[in-house]
Amino acid sequence: MAQYTRVSGSVGLITLQNPPVNALSAAVRQGIVDTVKRALGDPKVKSVVICGQNGIFCGGADIKEFGTNMSGPPLVPMIHAIEAANKPVVAAIEGSALGGGLELALGCHYRIAHSKARLGLPEVSLGLLPAAGGTQRLPRLIGVPAALDLITTGRHVTAAEALQLGVVDRVAEHSTVDAAVKFALSVAAKSLDARRISTYPCPRPSDFDALFEGAMQKVRQSARGAIAPVACVQAVRAAATRPYLQGMEREKELMATLFTSGQARALQYCFFAQRAVSKWNMPNGARWDTSKPRPVHKAAVIGLGTMGRGIAVALAQTGMSVVAVETQEKQLMEAKQAVSGMLERGAKRRGLTPAALHKISYSHDIQAVADVDLVIEAVFEDMALKKKVFQQLSAVCKPGTFLCTNTSALDVDHLASQTRNPELVVGMHFFAPAHVMKLLEVVYGPQSSPQAVATAMQLGKKMGKVSVAVGNCRGFVGNRMLKPYIEQAFFLLEEGATPELVDRALEEFGFPMGVFRMSDLSGLDVGWRVRKGDGLVESGSASGQPTRLREGRRYSPLGDLLCEQGRFGQKTGRGWYQYDKPGSRVARSDPWFHSFLEEYRARHGLVARRIDHQEVLERCLYVLINEGFRILEDGIAAGPEDIDIIYVFGYGWPRHRGGPMFYAGMVGLATVLERLEHYRQAHPDVPYLQPCSLLRRLVASGSPPVHRWREVIKKLHSQL
Ligand SMILES: C[C@H](O)[C@H](C)C(=O)SCCNC(=O)CCNC(=O)[C@H](O)C(C)(C)COP(=O)([O-])OP(=O)([O-])OC[C@H]1O[C@@H](n2cnc3c(N)ncnc32)[C@H](O)[C@@H]1OP(=O)([O-])[O-]
């Protein structure tokens with residue numbers, strides 16, 4: 001809807017009305033067409049202002065309409081009518097002008113933005129391109145290089161940068177609409193010939209070919225198989241090589257290739273899934289909208305290793321006071337330096353003064369956290385040590401202090417049982433580097449209070465994290481699914497694959513790093529320590545079948561054998577790959593490992609066979625997905641969106657593939673089930689390949705679309 005009023009005597013004020021972000025739904029588009037006609041037909045009106053209700057201009061096209069039979073007036077002619085108007089039209093931009101919202105503003109003759117406004121064309125992040133003239137008008141207004149940057153990255157710019165780029169004409173510190181009305185009065189009599197962007201020539205950069213080749217190469221490298229960024233470059237190229245109307249035809253053509261693509265559906269699913277996970281609920285019925293968080297003004301971090309330092313930085317960057325505790329004096333001094341460095345670099349990147357530096361106080365005494373509202377424990381991943389810390393915290397902290405653990409796999413309930421108030425204990429599982437990675441798993445146990453979960457989720461949002469609430473179990477959601485994925489990768493090596501082949505298949509699928517390059521980065525010794533803790537590691541000297549079985553389950557000692565030789569990955573310069581020196585990041589094939597693998601197969605009577613990318617993907621991804629279904633069945637994750645957001649934001653699952661559960665729906669649940677059964681028959685000693693009954697149930701009920709799985713899961717749990 002759009003409301004029309006005449007203000008200041010001669011200004012027609014059009015207000016977009018579609019809360020919360022005034023998206024350009026069919027009704028809003030119709031409203032704009034009607035109100036613009038009215039303003040242009042009203043003799044008293046000399047100029048027009050378009051603004052949005054509730055302090056936000058427009059969040060773009062209504063994404064909820066995509067995939068439906070879209071009705072109502074199309075955007076392109078609607079914006080043309082505004083640009084062709086014989087009265088100046090001024091866009092008053094508050095809050096956000098994104099996608100179709102900015103394209104609407106680019107159709108106006110002037111743009112005035114509030115100093116806090118954000119502007120951009122983020123369509124690429126939805127698997128699309130700006131299809132209401134954005135790819136043709138923006139290059140004409142701000143030049144090809146700047147337009148290429150905004151359109152291929154989809155990044156939002158501040159009002160200040162938008163002014164500097166020439167996207168907006170003015171920036172207002174207060175009441176943008178008033179400023180726009182005053183401005184509209186001042187330009188009422190001015191000619192509009194030079195204000196219709198589509199009539200502008202598109203400046204042709206001197207290094208035209210090099211620029212577009214460079215842009216195409218860049219998007220192909222960073223896109224990892226995503227198609228929208230490539231189409232964005234092609235559309236902007238049309239702006240620089242064709243007259244406006246032909247360029248618009250090209251924009252339309254390219255959008256048609258994207259609009260119904262699987263990638264666009266996956267990316268739009270991620271958009272809504274990211275918002276859905278903030279609406280958390282627990283099996284005991286507690287929910288996001290009925291559980292009130294408690295404010296956290298002062299927080300503490302216990303243990304200043306790599307994770308603790310990142311968490312301290314992320315907390316301080318919220319502007320709250322932070323107490324950082326490390327009992328080892330030397331480690332404390334090193335941590336102080338490291339944290340200060342990270343804060344200074346962070347502030348510099350954002351063009352800010354490192355005010356957060358003064359928000360952190362350091363101590364080697366746990367007594368220093370007595371008055372904080374929330375503590376995050378990040379000491380070494382050892383249960384005995386963590387239990388001791390939780391006992392101390394329970395004694396030292398003021399009543400009501402939330403006690404959170406950054407453990408990545410240990411039992412949160414067991415730690416809670418070490419305290420006087422287990423209801424105040426939750427897991428806050430960050431991902432390395434903690435001040436960079438967006439994902440946060442908030443882990444609740446049966447005793448965790450809804451208020452503790454609500455407080456941790458709110459703190460996560462304040463730290464700029466995408467927080468997902470999950471139940472307590474071994475490895476929570478992310479690491480629990482990673483275990484069978486890694487196990488299959490090891491088995492594939494035994495059967496004939498190489499680290500290079502497995503990694504190439506996963507990287508071509510879209511992962512930034514394959515499983516073996518990732519293992520070398522995070523360190524083979526991390527997993528080795530956990531397997532030792534689980535009593536799985538045996539001495540390397542023995543050979544034959546028995547050494548590859550643990551309680552009747554197939555087991556591959558490959559990783560253990562490498563660790564016994566000190567091959568921990570990048571940190572030792574040798575792992576699954578070789579590196580120039582310890583700490584280098586460039587992986588190179590290692591002839592030693594290839595002959596070691598052949599000798600290993602011979603020693604264990606294994607005959608290598610040809611393995612193709614399809615088998616790698618099916619075995620590594622379907623077994624991970626299958627564990628995802630078990631997690632849903634166990635109620636550890638409330639819905640597929642929770643799992644998908646965890647994998648997209650924490651494990652490098654390519655966003656244009658929607659996440660493991662969405663991907664399973666795209667491939668077809670029946671196919672996933674059939675392939676798992678196929679591999680289970682071939683490998684009866686691998687229980688992870690046993691299809692989950694929830695998967696069978698979904699296939700039996702006709703493989704409903706992913707957004708309807710929660711109903712099936714609910715029914716399943718109600719029958720349990
Ligand atoms: C032709 C044209 O070229 C093309 C084709 C297009 O234009 S494609 C569209 C391009 N536009 C975008 O990519 C912008 C997408 N939106 C955002 O980036 C953000 O929303 C925001 C504007 C910066 C506000 O952030 P926020 O943190 O304050 O609130 P929120 O929680 O995110 O959002 C609040 C609520 O609004 C919903 N919502 C937001 N934007 C929406 C949109 N464009 N369409 C439909 N719903 C939308 C969202 O799902 C949530 O719903 P619910 O969860 O409450 O039920």
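Whatever order the structure lists ligands and atoms in, that order sets their numbers, starting from 1. Residue numbers run from 1 in the order of the sequence given.
Atoms CD and SG, on Glu94 and Cys58 in that order, are 13.5 Å from each other to the nearest 0.5 Å. Going from atom CG of Leu267 over to atom NE2 of His656 covers 8.0 Å, rounded to the nearest 0.5 Å.
Checking only distances, Ala23 never comes within under 3.5 Å of ligand 1, N or O to N or O. Considering backbone and side-chain atoms alike, Pro122 places every N or O at 3.5 Å or more from each N or O of ligand 1. Looking at ligand 1, you'll find an N or O of Glu123 within less than 3.5 Å of one of its N or O atoms. Annotation: Leu128 places no N or O atom under 3.5 Å from an N or O atom of ligand 1; distance criterion only. Distances between N or O atoms of Ile63 and those of ligand 1 include at least one value under 3.5 Å.
Within a 6.0 Å sphere centred on CZ of Arg170, heavy atoms belonging to other residues, nucleotides or ligands number 12 at most.
For atom 23 (C) of ligand 1, the nearest non-hydrogen atom from the set Val21, Val76, Leu98 comes from Leu98. When the heavy atoms of Ala61, Ala264, Ser25 are ranked by distance to atom 42 (C) of ligand 1, first place goes to Ala61. Relative to atom 12 (C) of ligand 1, the option among Gly59, Gly99, Gly60 with the closest non-hydrogen atom is Gly59. Scanning Arg275, Lys461, Glu103 for the heavy atom closest to atom 50 (C) of ligand 1 points to Arg275.
If you check which protein heavy atom lies closest to atom 34 (C) of ligand 1, you get Pro20 CG, 3.8 Å. Of all protein heavy atoms, the one lying nearest to atom 55 (O) of ligand 1 is Lys279 NZ, 4.2 Å.
One finds no salt bridge joining Asp62 and Lys64 here, because no Lys/Arg side-chain nitrogen approaches an Asp/Glu carboxylate oxygen to under 4.0 Å.
The ring of Phe509 has its center closer than 6.0 angstrom to the ring center of Tyr663. A ring-centre distance under 6.0 Å is not found for Trp280 and Tyr444.
Residue-ligand proximity, Lys64 to ligand 1, at heavy-atom distances under 4.0 Å covers atoms 46 (N). Each of the following atoms of ligand 1 lies closer than 4.0 Å to a heavy atom of Leu75: 1 (C). Contact atoms of ligand 1 toward Phe272: 49 (O) (distance under 4.0 Å to a heavy atom of the residue). Proximity to Asp62 (heavy-atom distance under 4.0 Å) selects the following atoms of ligand 1: 44 (N), 45 (C). Short contacts between ligand 1 and Pro130, defined as distances under 4.0 Å to a heavy atom of the residue, involve ligand atoms 3 (O).
Counting heavy atoms under 4.0 Å from ligand 1, residue Leu121 does not touch it at all. Counting heavy atoms under 4.0 Å from ligand 1, residue Leu126 touches it through the side chain alone. Contact annotation: for Arg118 versus ligand 1, there are no heavy atoms closer than 4.0 Å.
Residue contacts with ligand 1 leave out Glu65, since none of its heavy atoms falls under 4.0 Å from the ligand. The closest approach between a heavy atom of Ala131 and any atom of ligand 1 is below 4.0 Å.
Geometrically, Arg657 does not engage Phe662 in a cation-pi contact defined by less than 6.0 Å to the ring centre and at most 45° from the axis. Judged by a 6.0 Å distance limit and a 45° cone about the ring axis, Arg196 is not positioned over the six-membered ring of Tyr200. Seen from the ring of Phe208, Arg204 counts as a face-on cation partner, given the 6.0 Å and 45° thresholds. Cation-pi contact between Arg38 and Tyr4: absent, since separation from the ring centre below 6.0 Å together with deviation from the ring axis within 45° is not met.
There is a protein heavy atom less than 4.0 angstrom from atom 53 (O) of ligand 1. Atom 46 (N) of ligand 1 is approached by the protein to below 4.0 angstrom, counting heavy atoms only. When distances from atom 27 (O) of ligand 1 to the protein are checked, no heavy atom turns up under 4.0 Å.
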(request) With side-chain contact (heavy atoms from CB on, under 4.5 Å) as the test, would you mind laying out the steps for Leu16 and Ile50 before giving the verdict? (result) CA-CA 8 Å; Leu16 310 185; Ile50 300 181; 4.2 Å; yes
(request) Check the pair Phe649, Phe431 against ring-ring contact (aromatic ring centres under 6.0 Å, His included), reporting the backbone distance first and the verdict last. (result) CA-CA 10 Å; Phe649 281 94; Phe431 290 75; over 10 Å; no
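Looking at heavy atoms from C-beta onward, Val167 lies in side-chain contact with Leu138 at the 4.5 angstrom threshold.
Each of Val90, Thr15, Ile14, Val89 was evaluated against Val49; a single residue qualifies, Val90, per the side chain to side chain contact (heavy atoms under 4.5 Å, CB included) test.
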